[in-house]
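Keep in mind it's a predicted model, so treat the numbers as computed, not measured. The chains referred to below are lettered A, B, ... by the order of the sequence lines, with proteins before strands, and numbering in each begins at 1.
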Amino acid sequence: MSGYDPKAIEAKWQAVWADERTWEVANPGQSGFAQDKPKSYVLEMLPYPSGEPHVGHLKCYAVGDAIAHFRRRHGFEVIHPMGYDAFGLPAENNAIKTGEPPREATERSIESFRRQFREWGISIDWSRELGTHTPEYYRWTQWIFLQLFERGLAYRTEAPVQWCPKDATVLANEQVVDGRCERCGTPVEQRRLEQWFFRITEYADRLLADFDLLESWPEHVITMQRNWIGRSEGAEVTFRCEEADLDFPVFTTRPDTLFGATFFVLAPEHPELERLIAGTPGEGPVREYVNRVARESAEERGDEERPKTGVPLGRSVVNPVNGEEIPMFVADYVLMEYGTGAIMAVPAHDARDYEFARAFGLPIRRVIEGEDPEMARDEDGLPYPGDGPMAGSGRFDGKDNREAYEEIVAWLAEDGRGRSAVNYRLRDWLVSRQRYWGAPIPVVYCEACGEEGAPAIVPVPEEQLPIELPAVEDYAPQGRSPLAAAEEWVATECPRCDGPARRETDTMDTFVDSSWYFIRYLDPRNAKAAWDPAAADHWLPVDQYIGGVEHAILHLMYARFFTKALADLGHLSVQEPFANLFTQGMITRDGAKMSKSKGNTVSPAEYVQRYGADTARTYICFMGPPERGGDWSDEGVEGVNRFLSRLWRLCEEVEGRGDSDLGAAREGCARPLLAKAHWAIDKVTRDFQRGFQFNTAIAAVMELVNEAYRLKDGLYGEPGGAAAVRLATATAASLVFPFAPHLGAEVWQRLEGGRVWEQAWPQADPDLLSSDTVTLVVQVNGKLRDRIEAAADASEAELLELARASEKVRRHLDGKQVVKEIVVPGKLVNLVVR
RNA sequence: GCCGGAGUGGCGGAAUUGGCAUACGCGAUCGACUCAAAAUCGAUUGCCCUUACGGGCUUGUGGGUUCGAGUCCCACCUCCGGCACCA
């Protein structure tokens, strides 16, 4: 007898799957299209190919693969593709450091990922493989950009960006760590630069409303997105500055507190600030303050703890509800990005305004009665953010503030001083990067077509796509995109007037690439279109999406936005890309997040080498509920390896035994083992359906294998005994196949012949699930006193009689009176005594 | 501060509809096999009292509902994640 040899078994089946292209599926209209099968699109988030795959990848693809196999064996035609999110910073930073072109490092990493995915035995349709960095792919990323541009959903405007003065480059928000440049540690500054945006804010309401269209998403992901979009209902109210002849609209969620406004604050970046102060005595200090704020990092500015700062403008605005003139300030606690960049300050009912008023000696006027001891900072009980009756608000006095809210808004709306309004925290998506390793933005700038000295933005015609990335020598950005150095590439002809024009040198955020890859998988070799609508109609939406929760907001919301925009443009017929979402938890080691610097990383390749992919995959699924994290344990891996080895030994032992009389097994003493097998079928099936409870599913297969071990030696001599052990072993193989596909396939082939993945998922036999007898639990006053075997169909009276007959029960009834009898048929009897 | 999630043996975790708390795995102890070790197989393993039979206690803390609560309700504590000067 040879031992369990995962290397040989795994290589054998991987070769079969590769040679026979087992997991490839055809599109509608292609030969081999499965017309009569329902489809299922199972998708894991595509990897970012940098270095080698880590254990998080293994978990994601092990979980997704288990789901894919489970669905296939339930009769679904499963599409399960793979690709690489290949543009982005690690390859580029490596290029800056070593001079190696990003494409080379990326291709090397992709090769490693591809090889390991095969070694893991993931059931991928390799005919659909793609990389977002190939011209065949980013050609269509550029096409989508143009589609959005035509529709007005892509636009260029000046915006504040994060700037690293040392590296002389714009940084993505993700590259700013604690207010410093990720690469060199220099504190970042804010600058205003022309940038490209996608108008995701136009979809804010639909992104909120269409949560209803989703079948099953984790509640916390929906909540996180909802908070990120941050919809607030309130009013826009206009305050007028007569001296400067300017109107200042503000957004407020508390129009009921308008009478309590005692000052007015502009954000330091407010565009009208310069006009307001030009030529006034306060000009100097205001400029000085604004400049100081501009140098602050986002981190510093966002600190709620630090004292409020600001400078008076020497100007005032009129409060539209009472005609009162209130002074204007500039202060950095007001943000330009939210609302209108200006606020009415109501210190009595807003903690921040209160703090500012205290610091600057400004009046605080209560307009709502009430007190919140948690919030109150003075003997008047202010600030008070809650509800209550109105005061100091003219004709609204005494009214409930929620009622007055509506009346005040309606009253202001009569003569245009205000209106009800909705505001979002969500901002438009800044997609341009002054970076090399990304998809070039497909527009050119033409002076001749422009007006008033500003060049025209001319989209590149679709038939000229892709705009390929030029080769450059130096990948380090120096205040402009590295692409700007490719002068021959930059200088081009205007598609509109054929005159000289310059190419856009910014590239797109990599999140753009990954916002539509799941559609390209459906038609990945199409050279005439991004996808064939028939293919998209057939396969979309993704039935099950699997990935890390770290993408709960950005990637998932961008992909939802793209889907909606593309549907509006007539290219898709679904509103939501991912019907069901599963977010897997992070694996830690020694209780800490894995990192190279801590030296606590787990290399999947090492474990696959030592124990085989089946062990590594099954262990990951057994660690705990996959949506939760878990701490890696080498002993745990050994335990799972022991389990698979036991299954293997069982197979070898029973393989040579010819007994196949299952009928005899069923009626004889082998019945309990058959019953255990069917119990396991039922358990694993339900655990899959109940939110992928793989840990308990695997535990059930372990129980089945343990039971077979316990019973086998006693069964071999009995009629049908060996047949029962064989069935139990084959069933265990069949059930473990989604986690340990190689071993599952091998054991099945040896015992039953044929291919386990072509077998329908087993069905539990109800007759074997039920038993003639049940264990009756007997309690006295709710405490367990005895367990009695009882007939499953015994009546309540019979059960009571059995319970009272028990010696152990009697002992606790002695000298007491039974005041109540609870009988749960088939389960328990509880006698209440006094 | 706001919004989510979680607290169960020495450890990871199980308990599906309010009904046997601690499945399965790890670790530990003992035994078989062996010259020996590894591997493997078998047994024991929540805590306390008891030689035993048996009894008591136990799901973060405190209360409540119920014949019966890990599960439901109220209050609180701790940890993790997200957002955060968002008007």
Listed by chain and number, what are the salt bridge (Lys or Arg N to Asp or Glu O under 4.0 Å) partners of [X], not counting sequence neighbours?
X: A:D353; value: none
X: A:R804; value: A:E821
X: A:R690; value: A:D687
X: A:R610; value: A:E606

Ring centres under 6.0 angstrom apart (A:F248, A:H270): yes
Between A:F329 and A:F360, ring centroids under 6.0 Å: yes
Listed partners of A:F239 passing ring pair (Phe, Tyr, Trp, His ring centres under 6.0 Å), at least two apart: A:F264
Where the chi angle of B:G9 falls, syn if within 90° of 0 and anti if not: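 B:G9: syn glycosidic orientation.
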Verdict with supporting geometry, A:K7 and A:D5, salt bridge (Lys or Arg N to Asp or Glu O under 4.0 Å): CA-CA 6 Å; A:K7 271 208 186 64; A:D5 179 6; over 6 Å; no
First encountered from the 5' end of RNA chain B, between A:G639 and A:K820: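 First, find each residue's nearest nucleotide; the 5'-ward one identifies A:G639.
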5′-ward residue of the pair A:V221/A:L335 relative to RNA chain B: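 Nearest nucleotide further toward 5': that of A:V221.
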Footprint string (nucleotides 37-60 of chain B, 5' to 3'): B base within contact, S backbone only, - free, heavy atoms under 4.0 Å: ---SS------------SSSS---
Set of side chain to side chain donor-acceptor pair (under 3.5 Å) partners for A:R686, sequence neighbours left out: A:D682
May I have the list of side-chain donor-acceptor pairs in residues 227-234 of chain A shorter than 3.5 Å, sequence neighbours left out?
from	atom 1	to	atom 2	distance (Å)
A:R231	NE	A:D205	OD1	3.0
A:R231	NH1	A:E233	OE2	2.8
A:S232	OG	A:Y338	OH	3.4

Phosphate contact (B:C24 OP1 or OP2) by A:N695 side-chain N/O below 4.0 Å: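 So the side chain of A:N695 is outside the cut-off, no N or O lying under 4.0 Å from OP1 or OP2 of B:C24.
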Is [N] paired to anything, Watson-Crick or G-U wobble with both distances less than 3.5 Å, and if yes, which nucleotide?
N: B:C57; result: B:G46
N: B:G4; result: B:C80
N: B:U51; result: none
N: B:A39; result: none
N: B:C20; result: none
N: B:C72; result: B:G64

Closest listed nucleotide, where the reference is the side chain of A:T223 and the choices are B:C83, B:C3, B:A87: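 Nearest to the side chain of A:T223 among the choices is B:C3.
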Distances for protein N or O near nucleotides 17-21 of chain B N or O, under 3.5 Å:
from	atom 1	to	atom 2	distance (Å)
B:G19	N2	A:Q779	OE1	3.4
B:C20	O2	A:R787	NH1	2.0

RNA chain B-proximal residues of residues 620-628 of chain A, any heavy atom under 4.0 Å: A:F622, A:M623, A:P625, A:R628
Qualifying ring-ring contact (aromatic ring centres under 6.0 Å, His included) pairs, either residue in residues 626-645 of chain A, two or more places apart: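 Residue pairs with at least one partner in residues 626-645 of chain A: A:Y607-A:W632, A:Y619-A:W632.
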Distance, C1' atom - from B:A36 to B:G54, rounded to whole angstrom: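 Those two atoms are separated by 44 Å.
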Pairs involving residues 627-643 of chain A, ordered by first then second residue, that meet salt bridge (charged side-chain N to carboxylate O under 4.0 Å, His left out) (sequence neighbours left out):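 Those involving residues 627-643 of chain A are A:R589-A:D634.
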